[in-house]
Amino acid sequence: MLKNSLKLALKVLARRKVFTAISLVGITMTLSVLMAATAILDNVLAPRQPESRLDRILTVDFVSMQGPENMRQSNPGRGFLDKTIRNLPGVERTSTYSEIQSAVVYDGGTRLELPYRRADAEYWKILDFRFLEGGPFSAADEAANRSVVIITEDVRQKLFGGNAALGKMVDIGGEPHRVVGVIPTVPFTQTIAYSTLWVPLGPSTDEEQKANFGNLIAIVLAKSTADIPMIQREFNTRVSHIPIEDPKTYKEIHSAIDTTFEGIARNLTDGRFGARGPMILRIGFLVLALLFMTLPALNLVTLNLSRILERASEVGVRKAFGAPRRALIGQFVVENVVLTVLGGVAAFVLAFILLRVFDALEFLPGARFDLNLRVFAWGMLIAAFFGAFSGIYPAWKMARLDPVNALRGGAM
């Protein structure tokens, strides 16, 4: 029966070419924008090289102390991280690295300012970088505070004209560093992996070893996603037991070990909703998507209602021959779903073109947005919902047509 309904739907859509074309344009434009936005979010939130294990990675990027009249917040220091993430249960590896900083690099007489990070040796074991030349620096390089550097492909192009860079020297802030590795350019949408230069984190001073505040970020690789809640609970317990440096000024200490989505939600909501932040952000995305789809859906409902009047005699004949109301509603909804799925396929092609243009213009240097099967599946799900939503009311109105009036071409 479904096969016959699909054949009939395609014939009806082919017979009413103007209506089909107008509807397809509206559906395609709406869904192409939604698919492109989904692809961009997928690029930020989904695991992909070098953040291949993103679903198991947690970050600690802030610590704050609050009092009746004062508040202090910054990145955590080594002392804080040592107290909170060392030997956490359920953790496979931990790494510490610095916030992005600006490095002055001299290329002959040319002065370049490039983003760089300091990172420990574990950083290269948690993240899945592909090396074009050489490899990562080691724990021995970090302990000895050796002047070595890993650079990206675009930096190699700027400094060495694309020629081999392994073993060559890069002048960073007046200090020569030997290139030990070259990796592909990392887009800044991958916030954990992004930089253009990496140097060893180096040993810490006694003061840094005790400090709660600093300019560091920690990443923790869970053994499995199932271990994440346990890791977060243990982390929160450890934070609650950290002694406050100045109890007269500050009464509470706060921090969090977040998944990528939780971190984004915390930043966008400024931490006002705590653990509810991710849920509120998901609801916000859903509401925005629904609002964006409302106008074309209402337009399609209007077009469908006008189409019913054109098909009144057809409906009258089918009802006169005993066609049940459920069959009529089902047929009309199927027609609408077929139309929107066709629009979804066209939207996928258009979104692919839009993203290729976006990449070519390099609005986000190093970023490469693509439409994978996950994005396509979401797009088709949205298209099917869109079709069913915009078809139910017109189908119900059609099924309520009086057979006699319908045969005369009459009203609802």
Side-chain angles (χ1 to χ4, degrees), residues 43-44 46-54 56-57 92-203 216-217 219 221 359-360 362-370:
N43 183 274
V44 175
R48 62 180 62 214
Q49 197 174 32
E51 297 177 355
S52 305
R53 305 179 184 96
L54 195 62
R56 292 195 287 136
I57 287 178
E92 184 176 323
R93 293 183 183 277
T94 61
S95 170
T96 305
Y97 60 97
S98 72
E99 279 279 17
I100 285 285
Q101 298 169 282
S102 181
V104 176
V105 177
Y106 293 95
D107 177 23
T110 306
R111 182 180 185 273
L112 303 173
E113 287 193 20
L114 300 174
Y116 90 104
R117 287 192 196 274
R118 295 179 296 116
D120 62 15
E122 290 295 298
Y123 181 83
W124 306 98
K125 298 175 182 178
I126 294 177
L127 299 177
D128 183 24
F129 287 96
R130 178 171 62 91
F131 279 83
L132 306 175
E133 296 182 48
F137 46 72
S138 64
D141 293 324
E142 183 187 358
N145 202 23
R146 294 189 180 118
S147 296
V148 294
V149 63
I150 293 171
I151 66 175
T152 55
E153 189 176 10
D154 60 329
V155 172
R156 181 179 66 178
Q157 181 66 39
K158 291 176 183 176
L159 299 181
F160 306 109
N163 298 319
L166 192 64
K168 294 183 179 179
M169 305 304 290
V170 175
D171 188 324
I172 303 176
E175 180 183 349
H177 286 68
R178 179 171 55 87
V179 176
V180 295
V182 179
I183 62 175
T185 301
V186 181
F188 75 82
T189 52
Q190 294 184 295
T191 55
I192 298 173
Y194 173 70
S195 188
T196 62
L197 306 167
W198 291 262
V199 299
L201 188 61
L216 300 178
I217 299 172
I219 50 175
L221 179 64
D359 287 344
E362 293 191 341
F363 287 120
L364 300 175
R368 292 295 177 266
F369 300 109
D370 53 18

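Here, residue 1 is the first one in the sequence, and each next residue gets the next number.
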- [ ] Keeping the roles fixed (side chain from S195, backbone from W198), state whether a donor-acceptor pair exists under 3.5 Å.
- [x] no
- [ ] State, with a plain yes or no, whether a side-chain heavy atom of L132 is found less than 4.5 Å away from one of E153.
- [x] yes
Open item on the list: Just verifying a value: how many Å separate I126 CD1 and R56 CZ, rounded to the nearest 0.5 Å?
Closed with: 9.5 Å
Open item on the list: With heavy-atom distances below 4.5 Å as the criterion, would you say the side chains of Y97 and I192 are in contact?
Closed with: yes
Task: Donor-acceptor side-chain pairing of S147 and E175 below 3.5 angstrom - done: yes
TODO: Answer whether the closest heavy-atom distance between the side chains of V149 and V180 falls below 4.5 Å.
DONE: no
Task: Side-chain touch I183/R130, heavy atoms, less than 4.5 angstrom - done: no
Task: Check: L166 main-chain N/O paired with E133 side-chain donor or acceptor under 3.5 Å - done: yes
Task: Distance, nearest 0.5 Å, that separates CZ of R53 from CD1 of I219 - done: 10.0 Å
- [ ] Find the distance between CD (E122) and OG1 (T94) and round it off to the nearest 0.5 Å.
- [x] 6.5 Å
Open item on the list: Give me the atom names and distance for the closest heavy-atom approach of E142 to P203.
Closed with: O-CD, 3.4 Å
TODO: Kindly indicate whether the side chain of Y123, heavy atoms from C-beta on, has any atom under 4.5 Å from the side chain of F137.
DONE: no
Open item on the list: Just so I know, are the side chains of L127 and E51 near enough to count as touching, which here means a heavy-atom distance under 4.5 Å?
Closed with: yes
Task: Donor-acceptor contact below 3.5 Å, side chain D154 vs main chain Q157 - done: no
TODO: Mark yes or no for whether R156, through its side chain, and A165, through its backbone, hold a donor-acceptor pair below 3.5 Å.
DONE: no
- [ ] Could you point out which residue of V104, V199, I151 forms a side-chain contact (heavy atoms from CB on, under 4.5 Å) with Y116?
- [x] V199
TODO: Could you tell me which non-hydrogen atom of K168 sits nearest to which non-hydrogen atom of N163, and how far apart they are?
DONE: NZ-CB, 4.4 Å
Open item on the list: Is the shortest side-chain heavy-atom distance between V182 and T152 below 4.5 Å?
Closed with: no
TODO: Only one of L221, D120, I217, L201 passes side-chain contact (heavy atoms from CB on, under 4.5 Å) with S95; say which it is.
DONE: D120
TODO: Might you point out which heavy atoms bring L216 and R118 nearest each other, and give the distance in Å?
DONE: CD2-NH2, 4.5 Å
Open item on the list: With side chain to side chain contact (heavy atoms under 4.5 Å, CB included) as the criterion, how do M169 and V179 come out once you've worked through the C-alpha distance, each side chain's angles and the decisive distance to 0.1 Å?
Closed with: CA-CA 6 Å; M169 305 304 290; V179 176; over 6 Å; no
Open item on the list: Restricting to side-chain hydrogen bond (donor to acceptor under 3.5 Å, both in side chains), what partner residues turn up for E113, sequence neighbours left out?
Closed with: S102, R111
Open item on the list: So which atom in K125 and which in R93 form the shortest heavy-atom distance, rounded to 0.1 Å?
Closed with: CD-NH1, 3.4 Å
- [ ] Verify, without hydrogens or angle tests, whether T196 (side chain) and P115 (backbone) share a donor-acceptor contact under 3.5 angstrom.
- [x] yes
- [ ] Taking the side chain as every heavy atom from C-beta outward, state whether I172 and L114 have any pair of such atoms under 4.5 Å apart.
- [x] no
TODO: For I150 and P136, work out which heavy atoms get closest and say how close.
DONE: CD1-CA, 3.7 Å
Task: Atom of A121, atom of S138 and distance for their closest heavy-atom approach - done: CB-C, 3.7 Å
